[in-house]
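See structure below.
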Amino acid sequence: MGENLRIPDEEIKGTMDRRVDVYIWDMDETLILLKSLLNGTYAEAFNGLKDVQKGVEIGKMWEKHILDLCDGCFFYEQIENYNKPFLGALSEYDDGKDLSDYDFGQDGLGLPSDDDNKRKLAYMHRVIAQKYEKGLHNLFDQETMKLWNELYDITDNYTDGWLSSARDFLEQCSSGKTETTSTASADGMVDSTDSTYQHVNVLVTSGSLIPSLVKCLLFRLDNLITHENVYSSWEEGKIQCFQWIKERFSSSNVRFCVIGDGWEECEAAKTMRWPFVKIDLRPGSSHRFPGLTLRTVGYYFSVVYGSPGAENDKD
């Protein structure tokens, strides 16, 4: 990989005596449903019990909101052709300039990919990270938020709670075995009052970076997956992203588990010798939402890592 794509050196604090479980998630057809709504495959799996056209209409509404938000607030029209695997990929070119009066519409971002253009792109990435951290409720009025919340509820109802149960499961993975409140730090680590364990959710999506961050915001995942932990494998591939993650969380106490629906993350997990949990859209499967439990994921952990404590994870 090029030197400009290196992950900044981030040592995991306090892991000497802690076990760290890193959950590496796919986005589409795993944490959210979108493609399967648009092409009807989600509804078709129910053999006539779901209205296919309604699912398509819901998918189109999400698609419109995602694109509108990308273009309206996250510079997507300007940087669509300059996708990077994560927001910090060009951080070394960011000189810390005050951007409060910076005119991004007139900065002339383009080719060649020289230091000047890399700096302009790094500025945009910094602002995108700040907007992500603030959340949509700090960027839009109540009426707009109400429309998005209504669409979320409609989608969750149509999919029998897929969105809300996936989010709940993500939250369970964040808190791990502890029953106490856990908080996410800036580097994405989740600390709890139990000093034995730490947990982190990482997203590696085959989609481009900016739409993936927007999806996290719209589907209420942003407080569970920090922007530092969102990776796009669009150009680099999932194996490369997995290798970066392994380097970043390098420790003898770290365990990794990949959760997704596609062949690429399956093959990448196999290459890394990490457990892989394959999400299945079909009703009745235990590897879907609702359905997947920490006990099931704990089994996959134990098969690969032989941890005796994995089977004690709560359902």
Side-chain angles (χ1 to χ4, degrees), residues 1 5 7 10 12 15 19-36 85-86 162 166-167 169-170 172-174 176 188-190 197-209 212 215-216 221 224-226 228-282 285-289 291-311 313:
M1 71 182 173
L5 296 183
I7 295 287
E10 296 182 24
I12 300 177
T15 59
R19 190 189 78 191
V20 180
D21 287 342
V22 179
Y23 299 88
I24 301 173
W25 296 88
D26 181 42
M27 169 74 87
D28 292 304
E29 316 318 312
T30 300
L31 289 174
I32 71 169
L33 298 176
L34 183 56
K35 292 178 182 177
S36 63
F86 48 91
W162 187 291
R167 191 187 184 284
F169 187 77
L170 197 69
Q172 291 176 44
C173 290
S174 297
M189 297 304 300
V190 177
Y197 307 108
Q198 284 184 311
H199 309 269
V200 59
N201 290 309
V202 179
L203 184 70
V204 179
T205 172
S206 57
S208 54
L209 182 62
S212 299
K215 287 177 184 178
C216 284
L221 305 174
L224 295 168
I225 303 176
T226 64
E228 295 93 344
N229 290 340
V230 177
Y231 293 76
S232 166
S233 64
W234 182 269
E235 280 101 3
E236 302 295 335
K238 294 210 169 181
I239 291 179
Q240 176 63 83
C241 290
F242 288 6
Q243 288 173 341
W244 286 331
I245 293 166
K246 183 179 181 180
E247 292 169 10
R248 180 179 168 194
F249 297 101
S250 179
S251 169
S252 60
N253 295 327
V254 177
R255 309 188 307 173
F256 300 90
C257 183
V258 181
I259 306 172
D261 74 302
W263 66 268
E264 188 182 6
E265 55 261 30
C266 177
E267 290 302 310
K270 186 184 299 183
T271 298
M272 303 298 290
R273 298 183 179 179
W274 293 345
F276 174 70
V277 181
K278 182 173 174 57
I279 296 297
D280 184 354
L281 289 176
R282 293 174 297 180
S285 170
S286 62
H287 289 59
R288 70 189 304 277
F289 295 109
L292 190 63
T293 66
L294 278 180
R295 187 178 296 277
T296 300
V297 175
Y299 168 76
Y300 283 87
F301 267 123
S302 65
V303 167
V304 173
Y305 294 101
S307 171
E311 293 83 358
D313 286 344

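Note that this is a predicted model, so its numbers are computed, not measured. Just so you know, residue 1 is the first one in the sequence shown, and it goes up from there.
Residues S232 and S208 approach most closely at OG-CA, 3.6 Å, considering heavy atoms. Nearest heavy-atom pair across W244 and P85 is CZ3-CB, 3.6 Å. Pairing each heavy atom of F276 with each of G262, the nearest pair is CZ-O, 3.9 Å. The minimum heavy-atom distance linking Y231 with C241 is given by the pair CB-SG, 4.3 Å.
Side-chain N or O atoms of E29 include one that pairs as donor or acceptor with a backbone N or O of S36 at under 3.5 Å. Side-chain N or O atoms of S233 include none that pairs as donor or acceptor with a backbone N or O of E236 at under 3.5 Å.
Not counting sequence neighbours, the partners of S285 by the side-chain contact (heavy atoms from CB on, under 4.5 Å) test are D280, H287, R288. The side-chain contact (heavy atoms from CB on, under 4.5 Å) test applied to E267 returns W263, K270, not counting sequence neighbours. Taking E264 as the reference, nothing meets the salt bridge (charged side-chain N to carboxylate O under 4.0 Å, His left out) condition, with sequence neighbours excluded.
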Intermediate values then yes/no, side chain to side chain contact (heavy atoms under 4.5 Å, CB included), S206 and K238 | CA-CA 8 Å; S206 57; K238 294 210 169 181; 4.3 Å; yes
Stepwise, does the side chain to side chain contact (heavy atoms under 4.5 Å, CB included) test hold for Q243 with M272?
-> CA-CA 8 Å; Q243 288 173 341; M272 303 298 290; 4.0 Å; yes
Output, in order, the C-alpha distance, side-chain angles, deciding distance and verdict of side chain to side chain contact (heavy atoms under 4.5 Å, CB included) for R167 and L221.
-> CA-CA 7 Å; R167 191 187 184 284; L221 305 174; 4.2 Å; yes
Could you go step by step and tell me if N201 and C173 meet the side chain to side chain contact (heavy atoms under 4.5 Å, CB included) rule?
-> CA-CA 8 Å; N201 290 309; C173 290; 3.8 Å; yes
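Rounded to the nearest 0.5 angstrom, S251 OG and R19 CZ are separated by 12.5 Å. Summarising the geometry, atom CG belonging to L31 is positioned 5.5 Å from atom CD1 belonging to I225; distances are rounded to the nearest 0.5 Å. In this structure, the separation between CG on D21 and NE2 on H199 is 5.5 Å, given to the nearest 0.5 Å. With values rounded to the nearest 0.5 angstrom, D28 atom CG is found 5.5 Å from L34 atom CG. Atom CD1 of I279 sits about 5.0 Å away from atom CG of L292, to the nearest 0.5 Å. Here I245 contributes atom CD1 and S250 contributes atom OG; the two are 13.5 Å apart, rounded to the nearest 0.5 Å.
W274 pairs with exactly one of F301, F256, F249, Y23 by the ring-ring contact (aromatic ring centres under 6.0 Å, His included) rule, that one being F256. For the side chain to side chain contact (heavy atoms under 4.5 Å, CB included) test with I24, the passing option among L203, V258, V200 is V258; the others fail.
Ring orientation note: the planes of F169 and F289 are tilted relative to one another, at an angle of 30° to 60°.
Taking the side chain as every heavy atom from C-beta outward, F242 and V204 approach each other to under 4.5 Å. With a 4.5 Å cut-off on side-chain heavy atoms, D261 and L281 do not count as touching. Residues T30 and W25 form a side-chain contact, since some pair of their non-hydrogen atoms from C-beta on lies under 4.5 Å apart. For the pair I32 and K215, the minimum side-chain heavy-atom distance is below 4.5 Å.
Checking D26 against T205 by side-chain atom types alone, no donor-acceptor pair falls below 3.5 Å.
Ring-centre distance between Y305 and Y300: not below the 6.0 Å cut-off.
In the displayed structure, K246 atom NZ is contacted under 6.0 Å by at most 12 heavy atoms of other residues, nucleotides or ligands.
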